[in-house]
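Let me begin by presenting the structure, written as structure tokens, before commenting on it.
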2 protein chains.
Amino acid sequence: MHKGDYQCQEPSCPTEVTVDVIGGKWKALILTFLLPGPRRFGEISRFLPHASKRMLTLQLRELEEDGVIHREIYKEVPPKVEYSLTPFGETLKPILLLMADWGEKYVGKKLKQLKQVESRTF
Amino acid sequence: MHKGDYQCQEPSCPTEVTVDVIGGKWKALILTFLLPGPRRFGEISRFLPHASKRMLTLQLRELEEDGVIHREIYKEVPPKVEYSLTPFGETLKPILLLMADWGEKYVGKKLKQLKQVESRTF
DNA sequence: CGGGATCCAAAATGATACTG
DNA sequence: CAGTATCATTTTGGATCCCG
């Protein structure tokens, strides 16, 4: 069978493609946040208080380049920019929902684990 | 509704938990590779030729700490170490399969995109 | 408001040598 | 074979200032 001899040579490895698109530090979070509908930059920023504006911008640009989100600029003063999932981006929905589900189920486990690490320092 | 006011404060944000577990550079790849059954360190390494032994070790340790993989050491000479999914790790299977499916569908798109970037340099 | 540009600190990763 | 240790380098990320 030699199934073990298959090499994951980017970028032709399927899982690697997906990781490349949604694997960034904040990408899955951003995309999940966009699932219900368009969001302004400030909304995303407030949703992810630990991400700097700079990082957010960088991640949003990459998502845009990959064609999963759309950036709509309203010519107003002050400026207004809305981000939304493209039809292509919508195809990620099943993965994003599954990730949210799994995480919700195991938030407790993760919290307990972090507590143990904390207590080690004392 | 104010749904936009929800803040993703780690580690209690569901999606963030999932990203934390499978979001590492090689983690999704490793876990997917382990789906069919146990694998030796060398097999994983050959599957991911772009990952250094050092990185592989680090990622495997983290996956082990998160309880998604098990490390079985056989007291032999030369040493033999097998990695396998734990029952907990198996719960990630739906996500991993979906990620592989999605990637397979859009490998072409990604390749085309990379070609465009290449041609820009000329 | 939604960024871009720049500089710098810190973290992630690579390269290499060594080991039970 | 399956790592560990150390050092060099690259990549990320934060802080700050500026701008339309």
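All of these numbers come straight from a predicted model, not from anything done at the bench. Order of the sequence lines fixes the chain letters, A, B, ..., with proteins taken first and strands second; residue numbering starts at 1 for each chain. Heavy-atom basis, side chains included; hydrogens, waters and symmetry copies ignored.
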[X] side chain, from C-beta outward: closest of [options]:
X	options	answer
A:Ser52	D:dG14, C:dG2, C:dG20	D:dG14
B:Arg61	C:dG4, D:dG3, D:dA15	D:dG3
B:Met55	D:dG3, C:dG14, C:dG2	C:dG14
B:Arg54	D:dG13, C:dG3, C:dA15	C:dA15
B:Lys25	C:dG3, C:dT13, C:dG20	C:dT13
A:Arg40	D:dC1, C:dC1, C:dG3	C:dC1
B:Val81	C:dG2, D:dA2, D:dG13	D:dA2

Donor-acceptor under 3.5 Å (B:Gln59 side chain, B:Trp26 main chain):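 Between the backbone of B:Trp26 and the side chain of B:Gln59 there is a qualifying donor-acceptor contact (under 3.5 Å).
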Heavy-atom donor-acceptor pair, A:Thr57 side chain to A:Lys53 backbone, under 3.5 Å: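 Between the backbone of A:Lys53 and the side chain of A:Thr57 there is a qualifying donor-acceptor contact (under 3.5 Å).
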Take atom [atom1] of [X] and atom [atom2] of [N], then tell me their distance rounded to the nearest Å.
X	N	atom1	atom2	value
A:Leu58	C:dG2	CG	C1'	14 Å
A:Lys53	C:dG4	NZ	P	10 Å
B:Glu43	D:dA2	CD	C1'	13 Å
B:Lys75	C:dG20	NZ	C1'	11 Å
A:Arg46	C:dC1	CZ	C1'	11 Å
B:Leu56	C:dG14	CG	P	11 Å
B:Tyr83	D:dC1	OH	P	14 Å
A:Phe41	D:dG20	CZ	C1'	16 Å

Validation row: A:Arg40, A:Val81 side chains within 4.5 angstrom (heavy atoms):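 Side-chain contact under 4.5 Å: no.
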Side chain proximity check, A:Lys93 to A:Leu35, heavy atoms < 4.5 angstrom: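 In short, these two side chains touch, coming nearer than 4.5 Å.
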Nearest heavy atoms of A:Glu82 and A:Lys80, plus distance in Å: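 Closest heavy-atom pair between A:Glu82 and A:Lys80: OE2-CE, 3.9 Å.
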